[in-house]
Structures are given as C-alpha cells and as structure tokens.
Amino acid sequence: MPSEFLTGVAVSPGRASGPVVRVAEPLGEPSSTPAPADPVAEAARIEPAAQLVAARLEKLAETAAGEAATILITTAAMAADPALVSQAEQLVKAEHLPAARAVFQSAEGFAQALAAAGGYMAERVRDIRDVRDRIVAELLGVEPPGVPELSTPSVLVARDLAPADTAGLNPAKVLALVTEEGGPTSHTAILARALGIPAVVAVRGLLALDAPALAVDGDTGQVNAVAADAPVVTAEARTAIEWDGTGNTSDGHRVKVLGNVGSATDAKAAADAGAEGVGLFRTEFCYLDAPAEPTVSEQLAAYTAVLTPFRGKPVIVRTLDAGADKPLQFLSPDAEPNPALGVRGLRIAFDRPDVLDRQLEAIAGAAEDSGAEVSVMAPMVATVEEAAWFADRVRAAGIPRAGVMIEIPAAALIAQEILGVVDFVSIGTNDLAQYTFAADRQLGAVAKLNDPWQPALLRLIGLIGRAAKVTGKPAGVCGEAAADPQLALVLAGLGLTSLSMNAPAVRSVGASLASVTFKQCEAAAQAALAAADPASARAAVKAAL
C-alpha cells in the first residue's frame with residue numbers, strides 16, 4: 001500500500017475513502033488569432049452562448065435547494081451579465097478578436113477587479129472564471145471543464161472547484177472532496193458542509209500525488225494514499241437534524257443562532273432555515289456595478305426587501321464595506337499599493353460622511369417599513385475614537401443600536417473600551433484571522449494559517465468574550481467560524497452571545513448547542529485555548545466533549 005500522506009485544511013467533517021476521480025483542469029487561454037472575417041457576426045455569437053450557459057445553470061438550480069440553489073442562480077446571472085457580454089462584443093468589433101478570446105479577456109478584467117477588492121468580493125473570482133470557461137467552451141464547441149459523470153462512488157480531486165460544480169454534486173456518488181487550492185471560507189467549503197460531504201482544501205502537493213485511491217479525514221485535514229483494492233468507506237449518513245429553533249444549550253444558556261445574508265434571496269433562505277434573525281446583512285449588493293451612488297429611495301427599497309422576512313426579529317445591518325480596494329465608480333478611489341490595509345470600510349466614511357449618512361437614512365426607513373428590529377454596525381474599526389464617531393452618526397440618524405465589527409487585532413485588544421461607546425460588537429473571523437496571521441485568505445499556500453481553529457485566533461476571540469461579560473453587552477461572531485457545529489461550542493464557551501452563519505449551517509449549529517451544557521462549552525473552550533495548533537485544538541475539544 002502506498003505510504004504517501006498530505007495535510008490540508010479540514011472544512012467539512014467526516015471520514016471516507018475510495019477510488020480517485022480527477023476533475024479536469026480549467027480551459028487554457030483561447031487564441032487571439034485568426035481574426036474574424038466578419039467581426040459583427042462574430043460578436044453576435046457571444047450573447048446566445050452566454051444565455052445558453054445561464055439557462056443550463058438555471059435548470060440545475062431547479063434541482064437544488066438552499067445555498068446551492070442560491071449559488072447556481074447567482075452564477076447564472078453572472079453568465080448573462082449584460083456588462084460582460086457587451087464588453088466582449090466591443091473587443092471583437094474594436095480589436096478583431098475571436099469571440100472566445102474576447103470573452104476570456106472581458107471576464108478576466110472583472111475577475112481582477114474582484115481580486116483587488118479582497119475579502120468577500122475576492123471569493124467571487126472563482127465564480128466569474130467558471131462562467132468565463134463555460135461560455136468559452138460553448139463558443140469553441142468543446143466540453144466545459146468540471147466534474148465528470150461518476151459511475152461509482154468516488155473521491156473527487158481537483159485544483160479547485162467552481163461553486164456551480166460543488167452545488168451540483170451528488171452526495172451519494174461523492175465520497176469526499178479534496179482540493180489543492182481554496183480556503184476555509186470558500187463556497188466549496190460552505191457547500192460541502194451543507195451536502196454532508198467530507199472535505200479538505202488547500203492540500204499542497206495534491207495534484208502531484210499519484211494515488212489510485214485516497215482516504216480523507218474531514219475532521220483532521222489528513223489525506224492518505226491507499227491501495228487501489230482498499231475497501232470503499234462511505235461517510236456516515238447524516239440523520240435528520242432536530243432543533244426547536246431557539247439557540248440554547250441544553251441547560252438553557254442563550255446563544256442566538258442567526259443568518260448571514262447579502263440579498264433578498266439569502267434572507268429568504270436564512271428565514272426558511274430557521275435563523276432567529278440576521279447577524280450580518282452585507283449591503284454591498286446595492287452598490288456593485290453602480291455608475292452613481294444609489295439614491296436613498298433605491299437603497300430603502302432594496303434593504304426593505306431583505307429585512308421583510310424578519311419582521312419583529314433582530315437584524316444587524318453592516319454599512320458599506322467599500323473604499324479604495326473595491327471598484328465602486330462613484331467613490332473615485334485613489335490607487336493604493338496595498339488596498340487590504342488601505343482606505344476601506346468605515347475609513348472611506350471619514351472622507352465621505354455624506355455617503356454614510358444617506359445609507360443610514362435609507363436603513364432607518366427600511367427598518368420602519370419592514371418592522372424588523374434593526375441595529376447597524378461598521379466594518380474595519382480600529383480604535384475607540386472611530387467607534388464613537390460611528391455610534392454618534394447612527395444615533396443621529398434615529399437608529400437606536402450602534403455596533404462595530406472586530407476584524408483588526410487592535411480592536412480585539414481594546415474590545416472592552418470599544419464596548420464602552422457602542423451597544424455591541426460582532427467578530428468577523430475571516431478578516432481577523434487574515435490580519436492576525438498576515439495571510440491572504442484567498443491564497444491557498446497560506447490557507448492553513450487562516451484555519452479558524454488556530455489557538456492564537458481563539459485567544460483573541462476569548463479577549464472579546466471577556467470584554468462582553470465585563471460590560472454586560474453582546475458580542476457575536478459573523479465569520480465562517482460560526483458555521484462549524486463543534487467550533488460553535490467553543491465560541492459559546494468563550495463568552496460569545498450570538499453566532500451568525502450561512503443558511504445551510506443554521507440547523508446543525510442550533511442542534512449542536514442544544515446537545516451540550518454551557519459548562520461543557522466552557523471546558524471545550526479552555527481545551528482549545530491550551531492547544532498548540534488547529535489539529536490539536538480539534539482533538540482536545542473532541543476529547544473534552
């Protein structure tokens with residue numbers, strides 16, 4: 001039996017093993033020659049190809065549910081995006097490029113803009129490149145890259161998986177999922193958990209490992225080569241999740257279970273999943289691709305559509321997380337050498353307080369129209385002074401509760417002082433990890449540093465939990481860490497009062513909390529804090545529980 005083994009970031013629990021099926025690499029760059037004899041006719045081929053790709057994705061969405069359906073619908077909308085199609089058509093006509101090459105260049109421009117944005121927006125780069133490859137394949141008359149038809153249960157191995165491919169996976173045929181790239185906050189990770197498929201990402205050297213079969217441990221991140229004739233091991237089927245819809249430990253300690261949303265579709269999915277409210281409403285959707293700032297009335301209508309499913313329930317709205325690192329035309333940002341550390345989030349409001357004030361006016365109106373219990377928080381806060389400045393503007397707008405996100409280590413270290421000037425804080429674990437470890441969350445080579453089980457990250461979160469207890473004010477988590485049912489117990493034990501996540505994780509996290517006492521959560525938290533590394537932390541918590 002082969003002895004090779006590799007490790008990556010465990011993102012979806014469970015163990016399985018079986019024969020390997022490799023996912024084809026993405027299409028290469030299409031040629032810029034020969035020039036089309038009739039550029040107008042060549043350009044006219046693009047829109048039908050894009051519409052056909054969109055229709056296929058929409059059809060696939062009809063067979064999916066929850067987060068998977070949402071991602072497929074979103075990807076279909078990207079494929080049919082008039083801006084992408086129009087730009088590609090112009091490249092054909094102006095530069096006499098073949099249609100496939102024009103689509104490639106147009107999409108790459110969008111992808112690079114999203115990559116420069118960092119954070120949540122950069123995570124959409126894989127989506128736009130997937131759309132690009134599907135349209136290019138259609139124009140070239142070849143099979144698009146992606147998951148092949150599986151005849152037997154198999155372990156899927158890939159450089160990375162497009163969200164649309166992951167959303168379409170059949171858990172009965174996919175034993176486990178292993179990728180060389182990706183990270184713990186990727187759509188691949190989110191969907192694998194939702195589908196109950198063991199998964200490990202950021203496994204360096206995976207594609208060079210010549211193994212006929214693999215054993216995958218989605219709890220520890222270990223991937224072992226096994227003999228071709230080794231028995232197939234299927235991950236245990238998930239039983240129906242029983243949860244009464246109230247976030248409590250078994251002895252009654254309250255921990256709210258909330259949803260993360262960024263659109264009206266997300267809000268419906270979160271409400272349907274049983275979320276008790278919304279812990280993070282990302283408002284960027286209202287601004288993207290806008291040549292001018294949306295009016296107050298336009299924002300109000302958009303926000304009301306998201307808030308309405310949560311009438312009478314708490315919703316935390318995050319103000320615009322934008323700045324020089326995000327391509328919002330109306331903000332006219334200056335070029336920056338390192339946008340992730342530049343003028344982003346609340347920092348843009350210091351130069352353009354009028355933009356913030358108009359957004360707060362729209363949020364206040366949407367709160368009144370929807371009947372939701374709305375609070376507002378600011379992203380990228382570093383100091384007490386910044387937190388107080390924001391809180392004053394929120395209250396002046398007639399919104400009673402103001403909070404801030406803690407994504408910067410400096411804010412974690414002074415959480416008690418920050419809680420002295422705001423009503424609550426919410427931890428963005430994705431960015432807090434990125435800034436704590438100086439590790440780009442989009443870079444597979446450093447993905448292990450962004451593992452939310454890192455003890456250093458948990459110790460920072462523990463400081464925030466203690467600050468919440470001392471001040472008697474709420475502190476929640478709205479990063480992807482909250483979606484891990486076992487890590488959720490650690491976060492509760494560290495003193496966090498709410499956990500917010502994508503819709504597929506809501507019921508499993510709620511059920512996990514209900515299965516233990518608060519003392520068990522505290523014991524699990526102490527075990528994790530004392531560990532030397534993420535793997536040891538996971539093992540220590542498992543033993544403690």
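Quantities reported herein were computed from a predicted structural model and do not represent experimental measurements. All heavy atoms count here, side chains included; hydrogens, waters and symmetry mates do not. The residues of the chain are indexed from 1 along the displayed sequence.
In this structure, CG on L161 lies 5.0 Å from CG on L177, to the nearest 0.5 angstrom. Remark: L84 CG to R132 CZ distance equals 11.0 Å, nearest 0.5 Å. For the atom pair CD1 (I135) and CZ (R45), the distance works out to 12.5 Å, reported to the nearest 0.5 Å. To the nearest 0.5 Å, atoms CG (L280) and CD1 (I316) are separated by 8.5 Å. Atoms OH and CD, from Y435 and E407 in turn, are 7.5 Å apart once rounded to the nearest 0.5 Å. Here L214 contributes atom CG and N224 contributes atom CG; the two are 8.5 Å apart, rounded to the nearest 0.5 Å.
Applying the side-chain contact (heavy atoms from CB on, under 4.5 Å) criterion to S426, with sequence neighbours excluded, gives M377, C478. A search for salt bridge (Lys or Arg N to Asp or Glu O under 4.0 Å) contacts involving D217 returns R15, not counting sequence neighbours.
By the 4.5 Å heavy-atom criterion applied to side chains, F110 and M78 are not counted as neighbours. The shortest side-chain heavy-atom distance between L207 and V157 falls under the 4.5 Å cut-off. Residues E284 and R318 are in side-chain contact: their nearest non-hydrogen atoms beyond the backbone lie under 4.5 Å apart. Two residues are said to be in side-chain contact when any heavy atoms from C-beta on lie closer than 4.5 Å; V200 and Q222 fail this criterion. Looking at heavy atoms from C-beta onward, D127 lies out of side-chain contact with D130 at the 4.5 angstrom threshold. With a 4.5 Å cut-off on side-chain heavy atoms, I197 and L156 do not count as touching. Between I461 and L457, some side-chain heavy-atom pair lies under the 4.5 Å cut-off. Under the 4.5 Å side-chain criterion, counting only non-hydrogen atoms from C-beta, V257 is not in contact with L499.
When every heavy atom of A524 is checked against every heavy atom of A544, the shortest pair comes out as CA-CB, 4.2 Å. Looking at every heavy atom in both residues, Q486 comes nearest to V541 through CG-CG1, 3.8 Å. Residues A37 and P39 share a closest heavy-atom pair of O-CD, 3.6 Å. Between L97 and S32, the closest heavy-atom pair is CD2-CB, 3.9 Å. Contact between A482 and V509 at its shortest, heavy atoms only, is O-CG2, 3.4 Å. The shortest heavy-atom contact between F310 and A275 is CE2-O, 3.9 Å.
Although no hydrogens or angles enter the test, the distance criterion places no donor-acceptor pair under 3.5 Å between the side chain of E42 and the main chain of P98. For the pair R193 (side chain) and A505 (backbone), a donor-acceptor distance under 3.5 Å is absent. Side chain of R507 to main chain of W243: a donor-acceptor pair is present (N/O by atom type, distance under 3.5 Å, no hydrogens or angles). The closest donor-acceptor contact from the side chain of E138 to the backbone of A50 lies at 3.5 Å or more, if one exists at all. In this structure, the side chain of E180 engages the main chain of L206 through a donor-acceptor pair within 3.5 Å. Between the side chain of Q454 and the backbone N or O of K448 there is at least one donor-acceptor pair closer than 3.5 Å. Side-chain atoms of S500 come within 3.5 Å of backbone N or O of G259 as a donor-acceptor pair. Although no hydrogens or angles enter the test, the distance criterion places no donor-acceptor pair under 3.5 Å between the side chain of E276 and the main chain of L258. The backbone N or O of L57 lies less than 3.5 Å from no partner atom in the side chain of R134, so there is not a single donor-acceptor pair. With N450 contributing its side chain and P184 its backbone, the two residues share no donor-acceptor pair below 3.5 Å.
Just one of L91, V92, V85 meets the side chain to side chain contact (heavy atoms under 4.5 Å, CB included) condition when paired with E89; it is V85.
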Carefully, step by step, assess M501 and D484 under the rule side-chain contact (heavy atoms from CB on, under 4.5 Å).
CA-CA 9 Å; M501 64 218 69; D484 181 331; over 6 Å; no
Chi angles and distances behind the side-chain contact (heavy atoms from CB on, under 4.5 Å) call for L491, T429:
CA-CA 11 Å; L491 297 174; T429 52; 5.6 Å; no
Kindly determine whether E58 and I73 satisfy side-chain contact (heavy atoms from CB on, under 4.5 Å), including the steps that lead there.
CA-CA 6 Å; E58 288 168 354; I73 291 169; 5.9 Å; no
Between R101 and E95, is a salt bridge (Lys or Arg N to Asp or Glu O under 4.0 Å) present by the stated rule, with each step listed?
CA-CA 11 Å; R101 178 68 191 188; E95 299 184 21; over 6 Å; no
Taking it one step at a time, do K173 and V147 satisfy side-chain contact (heavy atoms from CB on, under 4.5 Å)?
CA-CA 12 Å; K173 291 288 182 69; V147 179; over 6 Å; no
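Ion pair D133/R129 not flagged as a salt bridge, since none of the NZ, NE, NH1 or NH2 atoms sits closer than 4.0 Å to an Asp/Glu carboxylate oxygen.
Neither side chain, T179 nor D160, offers a donor N or O lying under 3.5 Å from an acceptor on the other. With 3.5 Å as the limit, one finds a donor-acceptor pair spanning the side chains of Q434 and D431.
Annotation for E143: atom CD does not count as buried by contact number, only 12 or fewer foreign heavy atoms lying within 6.0 Å.
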